[in-house]
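Written out below as structure tokens is the structure these notes cover.
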Amino acid sequence: MANVLRNSAKFGFSGVLSQLSIHSRHGRECVSPCFSLQQRNNSTSPKIKVDLDSSTGVAVLRMQSPPVNSLSLDFLTEFCINLEKLEMDRSCRGLIITSTLSKVFSAGLDIMEMYGKSPERCGEFWKAVQEMWLKLYGSNMATIAAINGSSPAGGCLMSIGCDYRIMVDNPRYSIGLNETQLGIVAPFWFKDTLVNTVGNRAAELSLELGLLYSAPDALKIGLVDQLVPEDQVLSTAQDTMSKWLAIPDHARQIDQCVYIIYNTSPLPLDHARQMDQCVISVCIYYI
Ligand SMILES: CCCCC/C=C\C/C=C\CC/C=C/CC(=O)SCCNC(=O)CCNC(=O)[C@H](O)C(C)(C)COP(=O)(O)OP(=O)(O)OC[C@H]1O[C@@H](n2cnc3c(N)ncnc32)[C@H](O)[C@@H]1OP(=O)(O)O
């Protein structure tokens, strides 16, 4: 593991984060061309299924990559391609993300992507993680995570990258940024997103202790917005989405824009790259 980390630290990360701006969150621009994403999508069977209801303008994106919807490079590439397609489709105003797997929303980053891979592959993987977050957090669509299972680490990041979170009311399902428990550190942009969701103190405790919250505890700290019985998670997400879509898009988008500008520190490319490298270097030192 240490060697993998050492190699990855040498690699220059993409610094895609520099593109987080008023334009990427609220304009209709793509963060990166679909072409390059499609070029690197090598998966054979779809890991993601998207159904767009043109009468409501709401798409449901189902993650269907057993056993745990781990975020591999192939998965992330497919995810980003689908997000870009929906983003460019003006008939789509809302996106619900859920899982077809029982018990798991997403297990987060695919551990196998962090082990025994070339520096180039590690860099490509990390860029895909950043792109996933940028495209989701920067989406013009109203986004709701229908969390129907556990959602640790990168799965939690995906959830808090959405505008609203509905989780199944099952204390066995957990969610949180548990990186420190694994001996690694959540990058600063994970932290920013968590602070924007639960506030400073809860985020500090959560990150330092690597806390995984049961669904009821996640509701208490505001990590999720609502708990519902398992069989109602999708219908509740659809009902909630109709309320979000009753708001004119431009007003909601501008409001989000103001919020994010005042609550997220936009960093220039070099800073973003260096800070990610710093996190990984610290991990290398201790692992
Ligand atoms: C340049 C970049 C590369 C280098 C990076 C360097 C440093 C990193 C520094 C900073 C990065 C910080 C960011 C990290 C974010 C992350 O997301 S890290 C991933 C953290 N994920 C987890 O901790 C989740 C672990 N999994 C679970 O808790 C459980 O599996 C579950 C999701 C709750 C489901 O439990 P369940 O009982 O249903 O299933 P199992 O545990 O039996 O698992 C089934 C099967 O799935 C495999 N698996 C589980 N999680 C992952 C995963 N994240 N990646 C890949 N595979 C996973 C598990 O091994 C089992 O496989 P099997 O034994 O072959 O059946």
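First listed ligand is number 1; within each ligand, the first listed atom is number 1.
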Minimum non-hydrogen distance to atom 15 (C) of ligand 1, winning option of E124, K127, E179: E179
Contact check: P187 vs ligand 1, nitrogen or oxygen atoms, below 3.5 angstrom: no
Residue pair S70 / D110, side-chain donor-acceptor N/O under 3.5 Å: yes
Only distances under 3.5 Å count here; give the side-chain donor-acceptor pairs of residues 142-154 to other protein atoms, sequence neighbours excluded, each with its distance to 0.1 Å.
residue: T143; atom: OG1; partner: D163; partner atom: N; Å: 2.9
residue: T143; atom: OG1; partner: D163; partner atom: OD2; Å: 3.1
residue: N148; atom: OD1; partner: T98; partner atom: OG1; Å: 3.4
residue: N148; atom: OD1; partner: S99; partner atom: N; Å: 3.3
residue: N148; atom: ND2; partner: T98; partner atom: OG1; Å: 3.3
residue: N148; atom: ND2; partner: S99; partner atom: O; Å: 2.7
residue: S150; atom: OG; partner: S174; partner atom: N; Å: 3.2
residue: S151; atom: OG; partner: G155; partner atom: O; Å: 2.9
residue: S151; atom: OG; partner: S159; partner atom: OG; Å: 3.4

Heavy-atom donor-acceptor pair, E230 side chain to D169 backbone, under 3.5 Å: no
I111 N/O under 3.5 Å from ligand 1 N/O: yes
Heavy-atom proximity to atom 3 (C) of ligand 1, best of M158, K117, M114, K103: M114
Within reach of ligand 1, part of A107 (heavy-atom separation under 4.0 Å): both
Ligand-residue contact atoms, ligand 1 with G108, heavy atoms, under 4.0 Å: 17 (O)
Subset of ligand 1 atoms that lie under 4.0 Å from at least one heavy atom of G154: 15 (C), 16 (C), 17 (O)
A153 N/O to ligand 1 N/O under 3.5 Å: no
Parallel, tilted or perpendicular: ring planes of W126 versus F190, cut at 30 and 60 degrees: parallel
Atoms in ligand 1 with a heavy atom of P152 nearer than 4.0 Å: 24 (C)
Test item: side-chain donor near acceptor, D74 and S72, under 3.5 Å: no
Enumerated ligand 1 atoms positioned under 4.0 Å from heavy atoms of D110: 54 (N), 55 (C)
Please set out all donor-acceptor pairs under 3.5 angstrom arising from side-chain atoms of residues 202-209, sequence neighbours excluded.
residue: E204; atom: OE1; partner: R201; partner atom: NH1; Å: 2.9

Side chain to side chain, R62 and I48, heavy atoms closer than 4.5 Å: no
Cationic N near anionic O, under 4.0 Å, K220 to D217: yes
Ligand 1 contact on V68 by region, counting heavy-atom pairs under 4.0 Å: side chain
E84 with K135: basic N within carboxylate O range, under 4.0 Å: yes
Numbering as shown, the atoms of ligand 1 that approach V104 to under 4.0 Å (heavy-atom distance): 34 (C)
Ligand 1-proximal atoms of C122, by part, heavy-atom distance under 4.0 Å: both
Within reach of ligand 1, part of N178 (heavy-atom separation under 4.0 Å): side chain
Lys/Arg-Asp/Glu bridge criterion (N-O < 4.0 Å) met for D249, R93: yes
Expected output: side-chain T180 to main-chain G183 donor-acceptor under 3.5 Å: no
Closest to atom 46 (O) of ligand 1 among S102, P67, S151 (heavy-atom distance): P67
Option with minimal heavy-atom separation from atom 2 (C) of ligand 1, where the choices are Y173, W126, F190: W126
V185 and ligand 1 - part of the residue with a heavy-atom distance under 4.0 Å: backbone
